[in-house]
Amino acid sequence: MNILVTGGAGYIGSHTVIELINNGHDVIIIDNLSNSCKEAVTRAERIIGEALTFYEKDIRDKQALEKVFSKHQIDGVIHFAGLKAVGESVKMPLKYYNNNLISTISLLEVMESHNVKQLVFSSSATVYGDPASVPIKESATLPAKVTNPYGQTKLVIETMLMDLAITNNNWQITALRYFNPIGAHESGTIGEDPSDIPNNLMPYVSQVAIGKLKELSVFGSDYPTRDGTGVRDYIHVTDLAKAHVAALSTPASLNEYRAINVGTGKGTSVLELISAFEQASGVKVPYKITGRRRPGDIAACYADPSLAHSILGWRAQKTIEDACADSWRWQSANPNGYRG
Ligand code: NAD
Ligand code: UFG
């Protein structure tokens, strides 16, 4: 299939492009490079041993999208493009609503006018808000509002996609709800490359390990979890990438909207992640436990991933140890990410 990948130069997109090519698909990437570098595409080309079709365009620009859809016979779209920094979204909500919503609407309109109806959308476990219980099933009631504008854009987009599916206009829509993606390609040549001080745990840990940051602050130690620190479902980015390939090869039915968790089903605490990273890298990660919780954080969030297995035949294969080893291979070979 010819797959259009929006945001394909980004962290998850670049790993997914490789899995798509490995599974015989052709890929067209559109990315405005607002949170990524062209170098990620160049390195993905090196891994797969072939050139990729890449457009540096903003997908809010409908004319630019029209040109791409007119030039290529597109069979399906994986829509990664979006802004994702939770803290920034609280400070600059309009930037997030503008980018994430307008880009999605413009993409859907152009898809509709070119009769391309198969979509896989990057959603997030953030749509569950503070879950009533874990592991979280897709049938959990979604809150009307989540705690930050970034998460709210995911909730609004999912609602919009549900509305689209019931138009009976032959849309086939899969929203993959990612838990916490970590790790890097096993080659160590592509990985997560935050442009600023990382907000997320794994890139922070690896930048402390490489000596770019002094120490990690563990946010909160009094959660009702086994060691008092936050518990998350960390999913290797290559496993996550493969879930997209599975979603395309077992597509939603005509007029179907389906939301599927992509996680391992296993919760790992902050302290357990630090320890797994230290073992995988052989490097000590200095940290201090702050009594202060990060606003908006929840105690525990992990998936019931059984739907992904029953519908897509997909299951996470890699362990936390694999992810830590791969993150460290990427970080130590590229201390400054793609910037040399
Ligand atoms: P990323 O920032 O590395 O990738 C997103 C890409 O989209 C970037 O390359 C960016 O330049 C591009 N982009 C943003 N706005 C664009 C626009 N208007 N036009 C064209 N390109 C645009 O992020 P990621 O971690 O790879 O995340 C991919 C998707 O998965 C995002 O939608 C994100 O919200 C979602 N997601 C990520 C996580 C996570 O923890 N990484 C968790 C859940 C969901
Ligand atoms: N944490 C620390 N110190 C840090 C960073 C994080 O202790 O410097 C802790 C957090 O308090 C939390 C855990 O590590 O307990 C994981 O935090 P992350 O920021 O890595 O991940 P979150 O689960 O908070 O959020 C991430 C993405 C969201 C997404 C959500 C669910 O940032 O965009 O996963 O997919 F919505």
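Just so it is clear, the structure is predicted and the values come from calculations on it, not from any experiment. First listed ligand is number 1; within each ligand, the first listed atom is number 1. Just the heavy atoms: all of them, side chains too, but no hydrogens, waters or symmetry mates, feed the values below.
- Proximity of A125 to ligand 1, defined as any heavy-atom pair under 4.0 Å, is not found for any part of the residue.
- Taking every non-hydrogen atom of L33 and a distance limit under 4.0 Å, the qualifying atoms of ligand 1 come out as 11 (O).
- Against a heavy-atom cut-off of under 4.0 Å, S34 is close to the following atoms of ligand 1: 10 (C), 11 (O), 13 (N), 14 (C), 15 (N).
- Taking the ring axis of Y223 as reference, the NZ or CZ atom of R293 stays within 45° of it and closer than 6.0 Å to the ring centre.
- Residues satisfying the side-chain hydrogen bond (donor to acceptor under 3.5 Å, both in side chains) test with H79, not counting sequence neighbours, are T6, T104.
- When only interatomic distances are considered, the shortest N/O to N/O separation between Y11 and ligand 1 falls below 3.5 Å.
- For a threshold of 3.5 Å applied to N or O pairs, the pair formed by I59 and ligand 1 contains at least one separation below that value.
- Residues satisfying the side-chain hydrogen bond (donor to acceptor under 3.5 Å, both in side chains) criterion with E109, sequence neighbours excluded, are K62.
- Not a single heavy atom of N180 sits under 4.0 Å from any atom of ligand 1.
- Listed by number with element, the atoms of ligand 1 under 4.0 angstrom from any heavy atom of K57 are 19 (N), 20 (C).
- When the heavy atoms of D31, T126, T16 are ranked by distance to atom 10 (C) of ligand 1, first place goes to D31.
- When heavy-atom distances to ligand 1 are checked against a 4.0 Å cut-off, K154 comes that close only through its side chain, counted from C-beta outward.
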Inset, instruction - Check the pair E56, K38 against salt bridge (Lys or Arg N to Asp or Glu O under 4.0 Å), reporting the backbone distance first and the verdict last. - result: CA-CA 9 Å; E56 185 180 340; K38 178 75 200 313; over 6 Å; no
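- Annotation: A81 places no N or O atom under 3.5 Å from an N or O atom of ligand 1; distance criterion only.
- Looking at atom 36 (F) of ligand 2, its nearest protein heavy atom turns out to be S124 OG, 2.8 Å.
- Of the N or O atoms in P181, none lie within a sub-3.5 Å distance of an N or O in ligand 1.
- Atoms of ligand 1 lying under 4.0 Å from at least one heavy atom of Y150, given by number and element, are 33 (C), 34 (O), 35 (C), 36 (N), 43 (C), 44 (C).
- Considering each of Y234, F80, Y178, the one bringing a non-hydrogen atom nearest atom 30 (O) of ligand 1 is Y178.
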